[in-house]
Amino acid sequence: MKKFFIAPSILSADFACLGKDAKKVIDAGSDLIHFDVMDNHYVPNLTMGPMILESLRNYKIEVPIDVHLMVTPVDNLIPQFAKAGASFITFHPEATQHIERTLHLIKDHGCKAGLAFNPATPLHFLDYVLEKLDVILLMSVNPGFGNQSFLPSTFNKIRDVRKIIDDSGLDIFLEVDGGVKLENISEIAHCGANVFVMGTGIFQYSNYNLIIKKIRKTLQHTCSTSIH
Ligand code: DX5
Ligand code: ZN
C-alpha cells in the first residue's frame, strides 16, 4: 500500500469544466478526488450536491471520491451521496445530533466513514467511535473557502492524532485539509498525516503533471527521512 495519498480539492477547479479538470489531475497522478459540500448554513458558502458527484461518475471519474460534508443536518444527504458514487463520506461531529448513528448510516450505505475536526474542535469526539472510523480529517483552516493560510496550531494536532491512531493499532487515514502546499507538505507529512487535500496548491498551476510530480518527490524524500 502507498504511504501517502494526494487528494486534489475540486473546489479550486474551474466549475465550468469540472469533469475535465478532475480527469486532468487524475491523469497527472492524484489518488483521490476531494469533494467539498457546503450548505450556506454550517459554513458561509454554497457548493456542490449529489447530482454533480453523479455527473462526475458518469464522466468516468473512477478514483475514490472523498466527500467532505460541511452541512447540517447531515443524515438525510448520506444515502444520496452514497447512491451518487461517494467512496468516503466525512462529516463534522458538531453538525449532527448523533455521531454514532451517522457513522453507521455511512457504513450501512457501503461507504468509508470519517470525522472532520475544525481547528478549534477538540479531539474528544474521537472517544468511543475510533474503531468505527476509516478517516480522521483535520481542518488546517476554518471551513468554507479555499485558498486560506495553513494554521500552524494544526501541526501539534496532527501529532496528537497520529499517536492516537498508532496506539490504537487501527488502520485509519489521517487527512489534512486547508492551506496544504508544496512548501509545507513535508512538515505536515513529518507530523504524521498521510492524506493531503490540496485545492489551490494544485489548481493554481497550469501544469498539473509538474506540480504533482514535485509533490510526490517531496513526499518520497519525507518518507526516506521520516521518523515514523
Ligand atoms: C475548505 C475545504 C477545503 C479547500 C482547501 O473548507 O474543506 O477542502 O478546498 O483548499 P486549499 O487547499 O486552497 O486551502
Ligand atoms: Zn475539504
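As the structure lists them, so they are numbered: ligands from 1, and atoms in each ligand from 1. Residue numbers run from 1 in the order of the sequence given.
His104 and His109 have their aromatic ring centers separated by at least 6.0 angstrom. Note: Phe5 and Phe173 meet the aromatic proximity criterion, with ring centroids under 6.0 Å apart.
Counting only distances under 2.8 Å, and ignoring water, the protein N, O or S atoms around the Zn ion (ligand 2) are His34 NE2, Asp36 OD1, His68 ND1, Asp177 OD2.
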Tyr205 vs Leu210, side chain to side chain contact (heavy atoms under 4.5 Å, CB included): CA-CA, chis, key distance, verdict: CA-CA 9 Å; Tyr205 298 97; Leu210 190 63; over 6 Å; no
Steps toward side chain to side chain contact (heavy atoms under 4.5 Å, CB included) verdict (Lys181, Phe150): CA-CA 9 Å; Lys181 302 270 152 73; Phe150 184 94; over 6 Å; no
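No side-chain donor from either of Ser186 and Thr218 sits under 3.5 Å from a side-chain acceptor of the other.
Applying the side-chain contact (heavy atoms from CB on, under 4.5 Å) criterion to Asp27, with sequence neighbours excluded, gives no partner residue.
Under the 4.5 Å side-chain criterion, counting only non-hydrogen atoms from C-beta, His68 is not in contact with Val37.
Every pair passing side chain to side chain donor-acceptor pair (under 3.5 Å) that includes a residue from residues 44-61 is listed here, sequence neighbours excluded: Arg57-Ser87.
Within 4.0 Å of ligand 1, contacts by protein heavy atoms are made from Ser9, Leu11, His34, Asp36, Met38, His68, Met70, Met139, Pro143, Gly144, Phe145, Gly146, Asn147, Asp177, Gly178, Gly179, Val197, Met198, Gly199, Thr200.
Using cut-offs of 30° and 60° on the angle between ring planes, the pair Phe35 and Phe81 is perpendicular.
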